Amino acid sequence: MASTLSTALLEVQLSSPNQSAEAKRPTFFTSPLRTHPTKRLLISCNSARSPPKPKPRPKSKASPKPHLENQNPSLSDQLKPLSSTILTRNPRPDQLNSLLPKPKSTWVNPTKPKPSVLSLQRHKRSSYSYNPQIRDLKNFAKKLNESDPDDENAILAVLEENPHPVTRDNALLILNSLKPWQKAYLFFNWVKTQKLFPMETIFYNVTMKSLRFGKKFDVIESLANEMISEDVKLDNITYSTIITCAKRCGLFGKAVEWFERMYKTGLMPDEVTYSAILDVYAKLGKVEEVLSLYERGRASGWTPDPVAFSVLGKMFGEAGDYDGIRYVLQEMKSIGVKPNLVVYNTLLEAMGKAGKPGLARSLFDEMVESGLTPDAKTLTALIKVYGKARWSKDAMELWERMRSNNWQMDFILYNTLLSMCADLGLEEEAERLFEHMKQLENSKLDSWSYTAMLNIYGSGGKVDKAMELFEEMLRLGVEFNVMGSTCLIQCLGRARRIDDLVRVFDVSIEKGIRPDDRFCGCLLSVVSYCADSEDAIEVLGCLEQSNPRLVSFIRLLEEEETSFETIKEEFKAILNEASVEVRRPFCNCLIDICRNRNSNERAHELLYLGTLYGLYPGLHNKTSAEWSLDVRSLSVGAAYTAFEEWMGTLSKGIQREEALPELFSAYTGAGTHKFAQGLANSLAAHVETLAAPFKQSEEKPGCFVATREDLVFWLQAIQSPAVSGAQKSGVHF
DNA sequence: GTAGGGTTAG
């Protein structure tokens, strides 16, 4: 089995997610905005710089191909591993909503002047005339708001009490004051049945806004259809309300459908509707469509406002596209639009998502210099960026600045500060803040605050403090969520407090927590280091309730007669069911479990499969001077397995007299990650057990180096029958 | 929230 790893390395290139066969195909829309495909990414000539290009997909490194004895395989043979090694990806929102119109190939002559795609005039609002009865009417609306929503007769009785005649203006004023959508909708229908005056567009619009608040898209749509059948004109306000409601309900196909419909009726969107639809495409991750719309709008003479730029900024942030973010800033500069606070907030967060903490910091400085005062959202975004980047110094400085400048803080910001403390391991600071938050007026510590503290104690191994907090949550009735439970269980597992772990698990299930993949991964990792089989059985019991398939798989691994094919198929199915971020941890834990149960053979099979399914990209790196093994993303057991596998492959290479480089290195990393040091120590111990000639480099901690001469000598020595004892100590070649 | 668009914690 192990001997096939070198060929597996060939296959892994096929299974890397970036080269998946499901390459995105651009979707066109059928509105008059359609442009010729080759023109789609051209940005208006006013822009100073070229638009962001889609990033080239990362290419696989051209590593020297292992020598293969057989002839070139046929095309169908070459394609086979592709279908058998590709895992499905998590569904994206645009894949869930396949309602977007399919492309039609309508030729648009690019030499003709582009038609205008949006109206530069915003919808004019009618001005209110002063209503002397306003007080009475507001009181009346208040009564309606307070009446029992389920008691129709009571509501009708209130309606009869209206002190003033229901004129158009009075009805509008009342409708605007009704809060829950049920009341507004009821009043709207009541007015309609009175037939005192024609129902104009504005009545529908106000009612729709209320319905949007209640996310009642189906009702909004029925009202819109009623407008069409009753011949009431739909205006830009109607359409933007419909579109944004569909968007907030996640019905992106519907949003696009109504946008298309607007064009079909000959109504031109104004910039508000236009921004709304830009946001729809942005939320779908359809960057090219958004840029195309943007470009067409610019070509029609549109000067986008900060809202439009905020939409673009958010979209690029979600895509982690730094070039895109920079493009937004450049566009604003060249058009002469000054970013407002919301734009800065969006871009700061986007910078964080694109992994640019330094640029976020300078953008923040620029914002403050421009005279804007950061609000709680600005500070939340920046604290989050610094926390994730582990920039302790900047985070603490900002925290200090917040206090000395008396900048606005809210509870979300406090909770974010707590989470940042968890990221940076600042236990004392977090405790102080937590106490401070307890004493704040009008503020209650919520599940987020407690979860952040559980995270801090959990990752710091403070198991007693974590349990105290858990009891406190139960006592105070603070919601205990899946993340808090995961942190606590992880902590209890590391401390081998299995009875407490099982109790926390039971409480979690009682409280209605639904185990997610991370939660199961956490239980699986506890199983992996349970030396005591009774403990393992307890934890497997919890896992059985959360993910029975995983437990059956562990049993399959234990049974000697299970074939490799069975393991392969079942493992693939499990990985496909799991979300992408837990796939590698699952594989790592399962390898550890196998090694702990002395089934190294199975561990090698799993590593092979993990590699095959693309869970360990970049594990092997080769230059002419050095071959290296990067085990930073591997667990201890997986790292041992990978190391042995590597030595086995090299050993065979030596037998075949293949060319070898001067230097060999294994890299465990020794950086900021909590467990990195542990991995370096473990590999050091393992290397010593094997008496392998790898030495930890002094200038590069976490890097184990061996020369070709030493390595070849060692490998040849342990292969000779005289020293076969080395094999008993765990070397599996 | 006073007829429509954007930011808002793991």
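All figures in this text were calculated on a predicted structure; none of them were measured in a lab. Letters A, B, ... are given to chains in the order of the sequence lines, protein chains preceding strands, and every chain is numbered from 1.
- Checked by atom type and distance alone, the side chain of A:T486 pairs as donor or acceptor with a backbone atom of A:V482 at under 3.5 Å.
- Looking at A:D305, its side chain comes within 3.5 Å of the base of B:dG5 through a donor and an acceptor atom.
- In this structure, the nucleotide among B:dG5, B:dA9, B:dG6 sitting nearest to the side chain of A:V343 is B:dG6.
- Checked against B:dA3, B:dA9, B:dT7, the side chain of A:T380 finds its nearest nucleotide in B:dA9.
- Distance CH2 (A:W181) to P (B:dG1): 20 Å, rounded to an integer number of Å.
- Taking atom CG on A:D516 and atom P on B:dG10, their separation rounds to 15 Å, with Å as the unit.
- Judged by the 6.0 Å distance and 45° axis criteria, A:K356 is positioned over the aromatic ring of A:Y322.
- Look at A:Y239 and the base of B:dG4; the rings do not stack under the cut-offs of 5.5 Å between centres and 30° between planes.
- The residue A:R248 sits close only to the backbone: its heavy atoms come under 4.0 Å of sugar-phosphate atoms, none of a base.
- Both cation-pi conditions hold for A:R261 and A:W258: the charged atom is under 6.0 angstrom from the six-membered ring centre and inside a 45 degree cone around its axis.
- Using C1' as the reference atom, B:dT7 and B:dA3 are 23 Å apart when rounded to the nearest Å.
- Between the side chain of A:S240 and the base of B:dG4, a donor-acceptor pair under 3.5 Å is found.
- Between the side chain of A:N405 and the backbone N or O of A:W407, no donor-acceptor pair lies under 3.5 Å.
- In this structure, CG of A:L363 is placed 17 Å from P of B:dT7, rounded to the nearest angstrom.
- For the pair A:W302 CH2 and B:dG5 P, the computed distance is 16 Å after rounding to whole Å.
- At the heavy-atom level, A:E271 lies under 4.0 Å from base atoms of the strands shown.
- Of the candidates B:dG6, B:dG10, B:dA3, B:dG6 carries the atom nearest the A:S310 side chain, counting heavy atoms from C-beta on.
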**OP:** Carefully, step by step, assess A:E226 and A:K192 under the rule salt bridge (charged side-chain N to carboxylate O under 4.0 Å, His left out).
**Re:** CA-CA 12 Å; A:E226 182 182 307; A:K192 200 163 63 183; 2.7 Å; yes

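- One can place CE of A:M420 at 15 Å from C1' of B:dG10, the figure rounded to the nearest angstrom.
- At a threshold of 4.0 angstrom between heavy atoms, the contacts of A:N415 include nucleobase atoms, whether or not backbone atoms are also involved.
- With a 4.5 Å cut-off on side-chain heavy atoms, A:T451 and A:F480 do not count as touching.
- One can find a donor-acceptor pair under 3.5 Å joining the base of B:dG10 and the side-chain atoms of A:N481.
- Counting distance only, with no hydrogens placed and no angle test, the side-chain atoms of A:D270 and the base atoms of B:dG4 include a donor-acceptor pair under 3.5 Å.
- Using a 4.0 Å cut-off, some side-chain N or O of A:N176 falls inside it from OP1 or OP2 of B:dA3.
- The side chain of A:T244 approaches B:dG5 more closely than any other nucleotide in the set B:dG5, B:dG4, B:dT7.
- Within the nucleic acid shown, A:K179 comes within 4.0 Å of at least one base atom, counting heavy atoms only.
- Within the 4.0 angstrom heavy-atom criterion, only backbone atoms of the sugar-phosphate kind lie near A:R212; the bases stay farther away.
- Of the two residues contacting DNA chain B, namely A:R122 and A:F213, the nearest-nucleotide position lying further toward the 5' end is that of A:F213.
- Listed pair A:K247 / B:dG6 meets the phosphate criterion, a side-chain N or O lying under 4.0 Å from OP1 or OP2.
- A cation-pi arrangement is present between A:R403 and A:W399, with the terminal nitrogen or guanidinium carbon under 6.0 Å from the aromatic centre and inside a 45° cone about the axis.
- When each of B:dG10, B:dA3, B:dG6 is scored by its nearest atom to the side-chain atoms of A:D279, the top-ranked nucleotide is B:dG6.
- Side chain A:T273 to base B:dG4: a donor-acceptor pair is found below 3.5 Å.
- Using a 4.0 Å heavy-atom cutoff across all strands shown, A:T207 reaches no nucleic acid atom at all.
- Classification of A:R361 and A:D394 as a salt-bridged pair holds, one side-chain N sitting under 4.0 Å from a carboxylate O.
- Within the nucleic acid shown, A:V206 comes within 4.0 Å of sugar-phosphate atoms alone, with no base atom in reach, counting heavy atoms only.
- As rounded to whole Å, 17 Å separates atom P of B:dG6 from atom CG of A:D375.
- Side-chain to base pairing of A:N340 with B:dG6: one donor and one acceptor N or O lie within less than 3.5 Å of each other.
- For B:dG4 and B:dA9, the P atoms lie 24 Å apart once the distance is rounded to whole Å.
- Side-chain atoms of A:K138 come within donor-acceptor range of the base of B:dT2, with a qualifying N/O pair under 3.5 Å.
- When the C1' atom is used for both B:dG5 and B:dG10, the distance is 29 Å, rounded to whole Å.
- Atom P of nucleotide B:dG10 and atom CD of A:E479 are separated by 16 Å, given to the nearest angstrom.
- Atom P of nucleotide B:dG6 and atom OH of A:Y294 are separated by 18 Å, given to the nearest angstrom.
- Within the 4.0 Å cut-off from OP1 or OP2 of B:dT7, at least one side-chain nitrogen or oxygen of A:K283 is found.
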